[in-house]
There are 2 protein chains.
Amino acid sequence: MNEPVIQLPEPLGSGKRGGRGALSGAATQRVERPAPLREAVHSALIELIINGTLQPGQHLVELELAQYLGVSRQPVREALQRLQTEGWVDLRPAQGAFVHTPTEEEADQLLSVRSVLETHSARLAAGRATEEEVARLWELQREGEAAVETDDAEGMTAANAALHAYITEISRNAVLAEHIALVERRVRWYYRPIARPRGHDAWAEHAELIKAIAAHDADLASTIMNRHTERTRQAYHDQRVSEAE
Amino acid sequence: MNEPVIQLPEPLGSGKRGGRGALSGAATQRVERPAPLREAVHSALIELIINGTLQPGQHLVELELAQYLGVSRQPVREALQRLQTEGWVDLRPAQGAFVHTPTEEEADQLLSVRSVLETHSARLAAGRATEEEVARLWELQREGEAAVETDDAEGMTAANAALHAYITEISRNAVLAEHIALVERRVRWYYRPIARPRGHDAWAEHAELIKAIAAHDADLASTIMNRHTERTRQAYHDQRVSEAE
DNA sequence: CCGCTCCATACTGCATACAGTCTACAACGT
DNA sequence: ACGTTGTAGACTGTATGCAGTATGGAGCGG
């Protein structure tokens with residue numbers, strides 16, 4: 001037992017910390033500080049969880065992770081703290097960290113919350129979008145449609161994420177953006193096993209949405225986004241039901 | 001310098017960890033594990049931030065906090081990690097933790113997000129409330145009105161929080177509840193300096209809201225909650241403007 | 001008088017060490 | 001055979017140690 005299930009391309013923490021060269025340039029203002037190891041560990045663990053290397057329910061032994069990532073237990077522990085508050089792992093006192101096991105109920109709740117947040121985001125975006133931003137939205141829309149044409153699932157997912165993220169950016173509400181980002185990543189994880197991007201109809205809805213935003217029609221944009229996200233939610237629901245049979 | 005600004009009634013971590021009594025009762029199922037120190041540190045720090053002992057922008061020196069709380073730096077660091085992701089402090093690489101300084105913009109964004117989340121919560125609650133729960137809502141309503149009668153600001157705030165929290169509970173969406181809780185605490189902190197509970201009219205709105213929930217009218221409950229929270233937001237806004245003069 | 005360089009101090013970030021608890025398994029008794 | 005108890009190993013939680021960087025001020029030069 002205790003065979004390391006984790007596979008990692010290269011050990012972390014080999015990046016020669018500190019001493020970033022003797023170039024004491026005149027850059028006294030923007031001092032680019034090196035990100036702490038715990039950040040890298042945090043990202044690496046999320047990646048390992050999302051791509052399924054670390055399975056839900058799995059016990060994460062600190063020493064094991066530490067050796068694998070090439071660091072000590074300390075940065076790992078700090079990363080785990082953060083992962084817990086972000087909902088990726090559960091920390092049980094005196095037992096350690098376990099990859100969070102999402103229930104169907106919780107997954108659906110996440111979609112519900114995401115729907116509400118994104119709907120609000122669309123409303124704000126409609127009120128605040130500049131012409132340049134609308135132009136950029138159409139650009140992303142074209143990218144998405146191109147992906148649909150070529151039946152490029154990867155591309156569809158990417159373009160979809162980019163579009164939604166940009167709408168969030170346009171809404172200029174950092175707090176809202178944080179909450180959306182948090183929910184978004186967990187959604188991607190939970191539904192990864194059954195994720196199949198909606199194709200043509202989804203992008204038709206996107207086009208409607210962009211029109212509403214361009215017209216600064218907040219109510220309409222809000223309505224469309226709500227319908228859009230609820231449809232996605234329904235699609236996931238149907239899919240899960242059908243696969244359960 | 002380095003005079004400790006923090007005052008704490010009793011040192012933490014004096015609770016004789018481990019060995020929770022020799023009562024090895026038949027409770028083999030629900031093993032009540034002792035919460036790690038970092039939990040206590042986390043709570044203590046939030047309390048210190050909310051009550052103003054730790055001021056926005058203040059540099060939190062780990063060793064200082066540790067000595068005050070009667071623990072080592074380790075649990076403090078782990079608590080700080082969590083506090084950062086929850087938005088209470090900012091961690092600057094190689095510089096440490098600083099109490100987050102909320103901008104007016106951010107504060108208003110928080111109210112905006114809270115409004116959206118609570119509105120959704122009211123909608124769900126209207127669809128799911130049982131008769132017992134409605135009865136409990138009226139009970140809380142009476143408590144609030146009593147506080148208004150006696151002009152008990154403390155009581156008003158408490159009753160208000162209890163009412164909103166219970167509506168969240170009724171909505172039976174744990175993910176939503178988490179996000180609301182997170183936003184809620186930060187709102188209380190940001191607006192603490194100018195917090196003055198709205199009196200009679202707020203509780204009139206609450207009564208309307210409860211009626212809508214009792215009637216299972218989701219749209220109406222949603223509308224009322226939205227108006228309610230937006231009014232609170234407007235009240236804060238006006239107050240801040242008038243105090244800026 | 002102002003700016004620069006250099007240095008001492010303080011603090012962070014990471015690593016390691018240690019104490020206590022949990023788990024699993026084996027030996028034992030019934 | 002089955003349940004109980006004792007015990008060893010593993011892992012967490014906390015403390016301490018150490019290297020490297022940021023900060024503030026003294027001393028020096030302009």
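Below, chains carry the letters A, B, ... as their sequence lines are ordered, and counting in each starts from 1. All of these numbers come straight from a predicted model, not from anything done at the bench.
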**Study point:** Residue pair A/Glu118 / A/Thr229, side-chain donor-acceptor N/O under 3.5 Å
**Key:** no

Practice item. Go through the structure and list residues passing side chain to side chain donor-acceptor pair (under 3.5 Å) with B/Glu184, not counting sequence neighbours. Key: B/Arg114

Exercise for review: Using whole Å, report how far CD of B/Glu64 lies from C1' of C/dT12.
Suggested key: 14 Å

Check your understanding: For the side chain of A/His59, counting heavy atoms from C-beta on, which of D/dT12, C/dA15, C/dT12 is nearest?
Key -> D/dT12

Review point. Out of D/dT12, C/dG13, D/dT14, which has the shortest distance to the side chain of A/Pro36?
Key: C/dG13

Review point. Given atom NE2 of A/His42 and atom P of C/dG13, what is their separation to the nearest angstrom?
Key: 16 Å

Study note, to complete from the structure: The ring-ring contact (aromatic ring centres under 6.0 Å, His included) partners of A/Tyr236 (sequence neighbours excluded) come to A/Tyr191

Point to revise | Side-chain N or O of B/Arg77 closer than 4.0 Å to phosphate OP1/OP2 of C/dT12 | key: no

**Study point:** Axial bend angle, the helix from C/dC1-D/dG30 to C/dT30-D/dA1: five-pair end segments, nearest 10°
**Key:** 10°

Revision key, fill the gap. Of the candidates D/dG13, C/dT16, D/dC11, the side chain of B/Arg38 sits closest to D/dG13

Point to revise | Atom NE2 of A/His237 with >12 non-hydrogen neighbours under 6.0 angstrom | key: no

Practice item. Not counting sequence neighbours, list each pair that qualifies as a salt bridge (charged side-chain N to carboxylate O under 4.0 Å, His left out) and has a residue in residues 53-62 of chain A. Key: A/Glu62-A/Arg73, A/Glu62-A/Arg77

Study note, to complete from the structure: From CD of B/Glu62 across to P of D/dT14 the rounded distance in Å is 15 Å

Practice item. Specify the separation, in whole Å, of atom CG of B/Leu60 and atom P of C/dA10. Key: 19 Å

Exercise for review: Mind checking ring-ring contact (aromatic ring centres under 6.0 Å, His included) for B/His100 and listing every partner two or more places apart, or none if nothing turns up?
Suggested key: none

Review point. Tell me: CZ of A/Arg82 to P of C/dG13, nearest whole Å?
Key: 13 Å

**Study point:** Residue A/Ser72, side-chain heavy atoms: nucleotide from C/dC14, D/dT14, D/dA15 that is nearest
**Key:** C/dC14

Practice item. Not counting sequence neighbours, which residues clear side chain to side chain donor-acceptor pair (under 3.5 Å) with B/Arg186? List them please. Key: B/Glu106, B/Tyr190

Point to revise | Length of the CD-C1' vector between B/Glu78 and D/dA15, whole Å | key: 12 Å

Point to revise | Protein-nucleotide distance (B/Glu39, atom CD; D/dT12, atom C1'), rounded to Å | key: 14 Å

Check your understanding: Where the side chain of B/Gln95 is defined as all heavy atoms beyond and including C-beta, which of C/dC11, C/dT16, D/dA22 is the nearest nucleotide?
Key -> D/dA22

Practice item. Name the residue closer to the 5' end of DNA chain D, choosing between A/Gly96 and A/Gln74 according to the nucleotide with the nearest heavy atom. Key: A/Gly96

Check your understanding: Starting at CZ of A/Arg73 and ending at P of D/dT12, how long is that distance when rounded to a whole Å?
Key -> 6 Å

Study note, to complete from the structure: Closest of D/dA15, C/dC14, C/dA15 to the A/Val71 side chain is C/dA15

